[in-house]
Each structure stands twice: as structure tokens, then as C-alpha cells.
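A note on names: the letters A, B, ... follow the listed sequences, proteins ahead of strands, and every chain is numbered from 1. Side-chain atoms are counted along with the backbone in the values below, which use heavy atoms only and exclude waters and symmetry mates.
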There are 2 protein chains.
Amino acid sequence: MANSSARPPRSDRRRNHERLLAVATDLIACDGAGVSLEEIARRAGVGSATLHRHFPSRRALLEEVFHEGVERLCGRARELGRDDPGTGLATWLEELTLYTTNNRGLATSLMSGAGELPPEDTCHGMLLDAADDLVARAVEAGVARPGVSAADLIVLTNAISLATEGDPATAGRLLRLALEGVHP
Amino acid sequence: MANSSARPPRSDRRRNHERLLAVATDLIACDGAGVSLEEIARRAGVGSATLHRHFPSRRALLEEVFHEGVERLCGRARELGRDDPGTGLATWLEELTLYTTNNRGLATSLMSGAGELPPEDTCHGMLLDAADDLVARAVEAGVARPGVSAADLIVLTNAISLATEGDPATAGRLLRLALEGVHP
DNA sequence: ACAATAAATGGGGTGGTGCTCCGTTTGACC
DNA sequence: GGTCAAACGGAGCACCACCCCATTTATTGT
């Protein structure tokens, strides 16, 4: 499937990619996802054209920045699904909310499901897959109503993080509210 | 309280204010809250300085654009609180969500509660007041758990609108999910 | 070791933005 | 009408995303 005639990337390319990613991670963590791309390039010591060559859109950059953390969250979902089908979903959603709330910009990155990148190694796709399984188990265990979909839950936690960005306490409270419901 | 020595605004000021507001309303409705302020000024036929003189921040502009609709929603809250304390809250939240989802940008405008403007004629403040009463009646009627606060509910609906912007169907579904809860 | 070559780079240009001076116009009031 | 503060608008500033193209650099074959 992959074009095997492609030569491995040059060493300077790899080096710059790493540098950009590292700087972007730092800057996004402290200033949010709206940070200036020029600034990232500047601090990484590369021209702005190089940044745009490596990451054709802000979205693409964010996807790579958060890839590792999202992968960890997916692993955690598998773990919880295996060990604790009962409260696993709730626990995972709480962890997800905490992560997206603390990583200003992930929520933004998750927003638009469809993009120009490959279908299912976007953060959104990865989390969706992980959640699907967890939700199925939860419904099976009778701790989640049959109607709920993983997609909706992802969007909901995403929404909460987006609106409470930087305030984990409120985010957690809203998530629990949504899980328990407003009606008694 | 208000400085009564202030002269009434000049006619051209009033005219420009109206024009700007009208153009902004149209443009925001079709392009979202991020629309270019320059563009608004251009289409209103005024210099960009004039726009900034009338609305010192984007936030201030959004507040005025949505003021009327928000006031209507507040009236509706009083109405529902009076007539139907039972399902009034749920109905109102649904209407609120529908409105904020259809008016791209209101959610953005509601986000930051505290600003540089007067405390309680911001959209956020107005809705908060209206919701407070409605929530109190709902708790009293036993249809809402005692823990829930109006502020949290506003943020929650706001979050949903923000994350589903432009998709009322999803927004409604998520709201109902949050009202009923994930657990059975 | 070195030449050939494609890959990768970065400076500078373009067109856009939000915002602010400051000289000029204009409406209101006598 | 004349006066004067109120209001205006264009030009200017700093910043941004994004792109073009001449130049540099890593790799590979000899």
C-alpha cells in the first residue's frame, strides 16, 4: 500500500521536524492552540516556509503534537475495558476530560472530525475507536443506556473541555453532571 | 447614577452605530463570530477607526449583536417559569441550545463571563439571572437534582453549542443526553 | 575523495488583520 | 451664520499565514 520507492527523509529534515514539534508542544502548552506559527518557527530556528512545508496546516501540527498523549489515552481505554467494564467508561471519560482540559488546544484539534488527512490516524479517529469499544462494554454491563454513542460522548467531553478550557475543576463537575443527568 | 450631564449622541453617531450593528449581524450570521472587523467597517461604509470607537473590542460588538435575542430568551424563561415549573427548565435549555447553535458566535461571546463591560447587562449575566430562577423552581418541583447550578447549566449548553456549531440536531441530542444522564 | 543531483532550506514578498494617531469634517447649539 | 466639541476616516504600525525562488546541503555512485 505504502509507496516503498520513497526514499527515507534526509537527516536535516528529521532534525527540523523534531525541533518544530518540541517547540510547538511547549508553546501550545503555555499559550494555547492559537499560538503564532511564525513564533514557533522563529524559536525553532527555522524559516517559516520550513514549518509550512512540514505541517501544511495548523491542524496537522496539532495532530502531531497531541498524537503521543492520545495514543496513551487509547491504551488506557483498552486497559479499562479489559479490567473494569463497570465503571471503566466513566473513569476513562474523566481522564479524557482532564487531559483535554489541561492540554489547551487538543479540544480545538478534535473539533472537525473530517479533514484532509488520512481517515483514522487523526486524534479524533483514534479516540473514537477506543471509545467505541468501551461504550459497547458499558452498555453490555448495563451501566450506560443503550442509546448513547461513543461519538456523542467524545463530542460532549470535547465540548466541556472547550468551554472550560484551563479549569479542570469545572470541567470535572460538568462531566459528572452530564453522566448522572440533571433530572433526579 | 448615570451621568445626566452627558449630551445625547449626535445623529451621525447613531446612524453609524445602527449601520455597523446591522452589517455585523448579517455577516456574523453567515460567516461566524470570527468575521473580519475591517470587512464589517468596509461594508458599513465607515472607516475602521469608527468601528473601534463604537465597539472597543470584538466582544463588545458581539454583546450588542446578540442583546436582543438574549433578551427574548430571558423573557421566555420568565414565561416558562411562571407557566410550567415542571418541564420548563428542560424546554428552556432546549430553546437556548437551539438559539446559540443557530447563531454562530453567541457561544463565543458567552464564554468569558467577566469582561471590561458593566457587570450584568452582558449576555452571560442576563442569561444567568434568567436561568437562576428557572433552576430554583425546577429543584423545588423535584425535576432537577438539588446540586445543579444555573451557572453550570449555562456553561454546559454553551459548551454543546460551541462544539456542534451549526448542527442543531447533534446539539439537541447532546443536550438531552446530558439532561437524562448516561447511566440508566 | 569528489562530483552530480535531488531534497530541503530561508529570506523576502504578498495580502490580510486588529488597532491607533491625528488632521479634517460635521452636527448641534447659540 | 459662527463656534466648538464630537465624530470621522485614512494612513501608519506591528503582526500574521502563506508562497515563490535562488541558494545551500545531504546523499549516493564512481
Side-chain angles (χ1 to χ4, degrees), chain A residues 2-24 27-28 30-65 104-105 108-109 111-112 115-117, chain B residues 2-24 27-28 30-65 104-105 108-109 111-112 115-117:
Chain A
N3 187 356
S4 57
S5 75
R7 281 204 268 172
R10 255 165 57 168
S11 61
D12 52 346
R13 179 173 184 82
R14 252 180 301 131
R15 199 169 42 86
N16 283 335
H17 201 84
E18 257 175 46
R19 278 164 107 104
L20 282 168
L21 224 40
V23 171
L27 236 40
I28 287 171
C30 90
D31 293 347
V35 78
S36 155
L37 300 181
E38 298 287 324
E39 179 69 13
I40 294 174
R42 220 173 292 133
R43 293 213 196 181
V46 305
S48 60
T50 297
L51 183 146
H52 284 99
R53 225 174 279 117
H54 282 256
F55 307 99
S57 68
R58 168 171 253 113
R59 176 86 199 285
L61 174 61
L62 293 174
E63 286 285 347
E64 278 203 47
V65 164
R104 314 179 39 149
T108 314
S109 163
M111 289 254 334
S112 55
E116 63 284 348
L117 353 171
Chain B
N3 188 354
S4 57
S5 76
R7 281 203 266 173
R10 258 165 55 171
S11 61
D12 52 347
R13 179 172 183 81
R14 251 180 302 131
R15 197 166 44 84
N16 283 336
H17 201 84
E18 258 175 45
R19 278 164 105 104
L20 282 168
L21 224 41
V23 170
L27 236 41
I28 287 171
C30 90
D31 294 347
V35 78
S36 156
L37 300 182
E38 298 287 324
E39 179 69 13
I40 293 174
R42 220 173 291 135
R43 294 213 195 180
V46 304
S48 61
T50 296
L51 183 145
H52 289 283
R53 227 175 276 119
H54 282 258
F55 308 99
S57 68
R58 168 172 253 113
R59 176 85 199 285
L61 175 60
L62 293 174
E63 286 285 348
E64 278 203 47
V65 163
R104 314 179 40 149
T108 314
S109 163
M111 288 254 334
S112 54
E116 63 283 350
L117 352 171

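Among the heavy atoms of the strands, none lies under 4.0 Å from B:H17.
A donor-acceptor pair shorter than 3.5 Å can be found between the side chains of B:E64 and B:H17.
Between A:R15 and A:R53, the residue anchored closer to the 5' end of DNA chain D is A:R53, taking for each the nucleotide with the nearest heavy atom. Both A:R13 and B:R42 lie close to DNA chain C; mapped to their nearest nucleotides by heavy-atom distance, the more 5′-ward contact belongs to A:R13. Comparing B:S48 and B:D12 by the nucleotide of DNA chain C whose heavy atom lies nearest to each, the residue mapping closer to the 5' end is B:S48.
Atom pair B:E38:CD and D:dG12:P shows a separation of 15 Å (rounding to whole Å applied). Between the CG atom of B:D31 and the P atom of C:dG16 there is a distance of 15 Å, given to the nearest Å. Atom CD of B:E39 is separated from atom P of C:dT17 by 7 Å (rounded to the nearest Å). We find that CG of B:L51 is positioned 14 Å from P of D:dG10, with the value rounded to whole Å. Nucleotide C:dT17 holds its P atom 11 Å from the NE2 atom of B:H52, rounded to whole Å.
No more than 12 heavy-atom neighbours from other residues, nucleotides or ligands sit within 6.0 angstrom of CZ on A:R19.
You'll find that the side chain of B:R58 is closest to C:dG18, out of C:dG12, C:dG18, C:dC29. Closest contact between the side chain of B:L37 and the listed nucleotides D:dC8, D:dT25, C:dG18 involves C:dG18. Closest approach to the B:S36 side chain among D:dA7, D:dC8, C:dT17 is made by C:dT17 (side chain taken as heavy atoms from C-beta onward).
Not one side-chain nitrogen or oxygen of A:N16 sits closer than 4.0 Å to the OP1 or OP2 atom of C:dA8. Between B:H54 and the phosphate of D:dC8, there is a side-chain N or O to OP1/OP2 separation shorter than 4.0 Å.
You won't find any donor-acceptor pair under 3.5 Å spanning the side chain of B:R10 and the base of C:dA28, going by distance alone. In this model, no side-chain donor or acceptor of B:R14 finds a partner on the base of C:dG27 within 3.5 Å. Counting distance only, with no hydrogens placed and no angle test, the side-chain atoms of A:R7 and the base atoms of D:dT27 include no donor-acceptor pair under 3.5 Å.
A donor-acceptor pair is defined here as one N or O able to donate and one able to accept, closer than 3.5 Å; no such pair exists between the side chain of B:R13 and the backbone of B:P8. When atom types are taken as modelled, the side chain of A:R104 and the backbone of A:G34 share no donor-acceptor pair closer than 3.5 angstrom.
Each of A:E18, A:R43, A:R42 was compared with A:V23 under the side chain to side chain contact (heavy atoms under 4.5 Å, CB included) criterion, and only A:R43 meets it.
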